[in-house]
Amino acid sequence: MVVDTNRRIPIAKVMSRLWSLVPLGGSLPDEVWCKRHQFLLRLTWFHAAIIALVGPVLGYSWELSFEALFRDGTVLHTVSEGLIVAFFTILASRKRASRVFQATAVGFGLMSSSAILVHLSGGYIELHFHFFVMLTFLALYQDWVPYSLSIVYVAIHHGAVGALWPEEVYNHTAALSAPWTWAGIHAFFVLWACVGSVIAWRFNESAFAQTKMILDSAGEGIFGLEPEGKVTFINPAAAKMLGLEDGQIVGQPTHILRHAGTDGNPFPDGTSPILAALKDRTAHRGTGEIFWRQDGTSFPVDYVSTPIIERGELTGVVVAFRDVTERKQAEERLAQQARELARSNAELEQFAYLASHDLQEPLRMVEGYTKLLARRYKGKLDADADEFINFAVDGANRMQTLINALLSYSRIETKGKEFEPTDCESILESALANLRVAMEESGGVVTHDPLPIVMGDGTQLGQLFQNLVGNAIKYRGTEAPRIHVSSQHNGKEWLFSVQDNGIGIDPQYAERIFVIFQRLHTKGEYPGTGIGLALCKKIVERHGGRIWVESELGKGSTFYFTLPDARDKQP
């Protein structure tokens with residue numbers, strides 16, 4: 001026997017699709033189920049009262065006898081039927097009972113009220129629609145047990161009762177003569193009313209499932225509050241951070257969530273900023289405030305409390321928070337690093353004072369006496385003596401230059417001026433004026449594009465341009481130096497470049513040249529202290545920028561650095 005699997009696959013898909021439309025049931029969160037149950041309880045009590053009042057309102061007989069309990073047209077009969085509905089309502093109000101029991105009791109109460117109203121009306125067709133409406137309401141429980149039992153109730157009422165006592169169910173001749181046919185007609189309408197309710201139930205269930213999945217997978221803690229301040233829901237992340245079991249605080253007042261300010265002092269009951277959104281209907285944020293866990297430990301959080309406004313009415317707030325312990329620890333490590341940096345800066349200032357006073361004085365003495373020896377005894381001693389004196393004078397001069405360079409380097413952070421709008425063209429012109437002799441000796445030419453106004457320390461930016469252009473002149477090749485300075489805007493900063501046609505730099509040393517005292521050439525090849533480019537790097541970094549070089553040996557170099565735009569308020 002050959003099985004045509006190609007025909008089975010579509011059928012399987014159709015069945016799977018149809019099955020996907022069937023809700024699972026029993027999936028409502030407790031707080032949602034409780035609200036719906038309270039609504040349906042009130043609806044059942046309302047029907048009990050209406051049925052009991054039918055007799056007195058319509059002027060039924062007030063006969064008080066046992067037979068009157070079962071006789072239509074008496075007040076005692078309508079009151080007893082109202083009590084039947086009230087009985088189911090009382091059963092449904094038992095808080096210790098399960099959700100299924102309470103919902104089933106409400107279902108019997110509402111279905112009984114439908115049957116009683118049909119009976120009291122004499123079987124009017126309009127009252128049969130009451131069954132359909134009550135079934136739609138019962139679908140709010142999203143529970144198959146009470147819903148299925150309610151459908152069975154309708155089937156028994158229209159089947160058994162309608163067949164045995166048709167005059168209690170129908171009031172028209174066609175139905176009285178063919179009760180099973182009309183029971184089938186009613187069953188058809190009930191079926192489609194149920195199908196519509198179940199589909200709506202399934203959509204509702206899917207929406208809840210998606211919402212729950214989002215809440216459960218969220219890394220942030222999230223919980224909701226109703227206008228009275230009670231907790232309506234809490235996601236697993238929040239429960240875990242607060243040391244709670246899922247649902248442990250749902251329905252509880254917010255004072256169970258202990259909250260303190262950044263100073264660690266708890267907010268008195270009812271004064272937590274989280275609750276402020278319930279009063280002014282605006283979102284409130286907190287940074288670095290404190291939440292306590294159930295075990296008494298605490299942790300810092302950032303949170304936002306957002307009001308929920310529906311049709312102009314405040315229905316609650318949603319609070320999202322995250323544990324910022326790691327960030328606070330990082331901040332503490334930074335407050336500590338800042339203290340260490342301040343201490344280092346203080347030590348650097350002490351060194352600068354020592355270098356500018358205690359070291360300068362003996363150095364000047366050495367320099368002065370060696371120069372005096374050179375003037376007074378030059379040519380009077382042998383050639384070796386003259387050479388030794390020249391070495392001493394040169395060493396003293398280089399020591400003086402090195403000390404001055406170190407002082408400049410150490411004072412970048414401690415002696416810098418406040419940042420202000422600075423015209424880079426004027427700064428560059430001043431730097432070139434200081435380099436005029438070197439440019440004339442080398443035959444160098446410096447060109448530049450229009451340069452911007454930046455936020456900076458004019459004195460230090462002058463040092464920056466002078467060092468970069470001076471290096472380009474010093475490390476020239478066989479041709480006369482050709483140097484070009486340009487800039488381009490890049491977001492909130494300016495990108496500068498200083499391009500030359502000099503000897504270039506091996507790319508493997510591109511980072512090393514910015515380290516203090518790191519030289520690629522001997523003093524005999526190119527004079528200098530090895531501090532110039534380190535000074536440039538420190539100046540640029542103080543201005544919040546960065547500096548780098550692109551170069552090849554024999555092909556010149558281009559130094560790049562960034563500086564903040566004067567329109568940007570931050571230095």
Side-chain angles (χ1 to χ4, degrees), residues 401 404-413 415-476 480-490 493-505 510 513-514 516 526-551 556-566 568 571:
T401 301
N404 289 336
L406 282 172
L407 285 174
S408 297
Y409 185 82
S410 67
R411 288 170 176 169
I412 292 297
E413 298 289 347
K415 300 298 182 182
K417 296 188 299 185
E418 292 290 331
F419 290 177
E420 60 184 2
T422 304
D423 184 356
C424 288
E425 286 204 25
S426 299
I427 294 295
L428 179 60
E429 292 298 331
S430 297
L432 294 180
N434 294 335
L435 295 168
R436 182 173 56 84
V437 175
M439 291 175 60
E440 291 176 351
E441 291 177 350
S442 65
V445 175
V446 178
T447 58
H448 66 85
D449 294 340
L451 299 180
I453 295 175
V454 301
M455 289 297 293
D457 179 335
T459 301
Q460 292 183 354
L461 293 182
Q463 289 179 291
L464 173 65
F465 280 112
Q466 185 168 324
N467 283 3
L468 292 176
V469 174
N471 268 11
I473 295 172
K474 178 172 36 173
Y475 296 100
R476 59 185 178 271
R482 295 292 181 265
I483 304 163
H484 184 71
V485 181
S486 63
S487 67
Q488 67 179 44
H489 197 251
N490 183 19
E493 64 183 12
W494 285 94
L495 174 63
F496 290 81
S497 65
V498 179
Q499 185 178 20
D500 65 55
N501 62 341
I503 62 174
I505 302 169
I513 61 173
F514 295 105
I516 192 169
Y526 296 96
T529 61
I531 295 178
L533 288 178
L535 187 71
C536 291
K537 183 174 187 290
K538 197 164 188 180
I539 290 173
V540 171
E541 289 179 345
R542 187 199 169 213
H543 284 73
R546 57 198 186 283
I547 186 171
W548 68 97
V549 65
E550 294 180 1
S551 180
S557 304
T558 302
F559 284 84
Y560 295 94
F561 61 91
T562 60
L563 294 175
D565 191 339
D568 184 14

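The first residue of the sequence shown is numbered 1, and numbering continues consecutively from there.
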Just wondering, do [Y] and [X] contact through their side chains at under 4.5 Å, heavy atoms?
X	Y	answer
C536	F559	no
T562	N490	no
L533	L468	yes
F419	D457	yes
R546	E493	yes

Derivation and outcome, side-chain contact (heavy atoms from CB on, under 4.5 Å), residues L461 and V454: CA-CA 10 Å; L461 293 182; V454 301; 3.9 Å; yes
For [X] versus [Y], what's the shortest heavy-atom pair and its separation?
X	Y	result
D565	I453	OD1-O, 4.1 Å
I539	Q463	CD1-CB, 3.9 Å
S557	V549	CB-CG2, 4.2 Å
H543	P564	O-CD, 3.3 Å
S487	P450	OG-O, 3.6 Å

Main chain of [Y], side chain of [X]: is a donor-acceptor contact present, judged purely on distance under 3.5 Å?
X	Y	value
S551	G556	yes
N501	A480	yes
Q499	H484	no

Rounded to the nearest 0.5 Å, what separates atom [atom1] in [X] from atom [atom2] in [Y]?
X	Y	atom1	atom2	result
S430	Q466	OG	CD	9.5 Å
D500	R476	CG	CZ	12.0 Å
K537	N467	NZ	CG	15.0 Å
W494	L451	CH2	CG	9.0 Å
C424	L464	SG	CG	9.0 Å

Qualifying residues under side-chain hydrogen bond (donor to acceptor under 3.5 Å, both in side chains), relative to E429, sequence neighbours excluded: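 H448.
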Partners meeting side-chain hydrogen bond (donor to acceptor under 3.5 Å, both in side chains) with S486 (sequence neighbours left out): S497
Aromatic plane relationship, F465 with F561 - under 30° parallel, 30 to 60° tilted, over 60° perpendicular: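 Perpendicular, since the angle between the ring planes exceeds 60°.
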Contact list for residues 438-449, test salt bridge (Lys or Arg N to Asp or Glu O under 4.0 Å), sequence neighbours left out: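 Of all non-adjacent pairs touching residues 438-449, those that pass salt bridge (Lys or Arg N to Asp or Glu O under 4.0 Å) are R436-E440.
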